[in-house]
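As the structure is a prediction and not an experimental result, all values here were calculated from the model.
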Amino acid sequence: MLAVTVAAVSNVNLRKGLAELGSGLAYGLAALGPGIGIGIIFGQAVSAIARQPEMTGPVRGLAFVGFALAEALALIGFVVFILLKYTG
C-alpha cells in the first residue's frame, strides 16, 4: 500500500517537473525566433536606408510594422508559456 502511494506521488512530481521544463523550453524557443527576426528586420532596414536615403520614411514604416508582427509572436509565446505552466 505504501509503495503504491509513493509511486503515485513520484509520478505527480515527475509530471509537474516535465511540465515546468516543457513550458520553459517553449518560451525560450518562442523568444528566440522573434529576436532573430527583429535583428534581421532592422539590419535590412538600415542597409536599405544606407543605399537609398530618400526612401527613409517608407522603409522605417515597414520596419516598424515588421517589428510589431515579430513582437506579437513573442507575446503569443509568452501566453503559451503561462498556459503550460499554470494549467495541467
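- In this pair, Y27 and F81 present their aromatic rings tilted. The plane angle is within the 30 to 60° band.
- Residue P34 comes nearest to A74 through the heavy atom pair CG-N, 3.7 Å, listed as atom of the first residue, atom of the second, then distance.
- Taking the six-membered ring where tryptophan is involved, the planes of F67 and F42 are tilted, since the angle between them lies from 30° to 60°.
- Using a 4.5 Å heavy-atom threshold, the side chains of L73 and L69 count as separate.
- Annotation for V59 and A48: closest pair CG1-CB, 4.1 Å, computed over non-hydrogen atoms.
- Taking the side chain as every heavy atom from C-beta outward, E71 and I38 approach each other to under 4.5 Å.
- Following chains of ILVMFWY side-chain contacts shorter than 4.5 Å, one can reach Y86 starting from F78, so the two form part of one hydrophobic cluster.
- Once rounded to the nearest 0.5 Å, the distance linking CD of Q44 with CD1 of I49 reads 11.5 Å.
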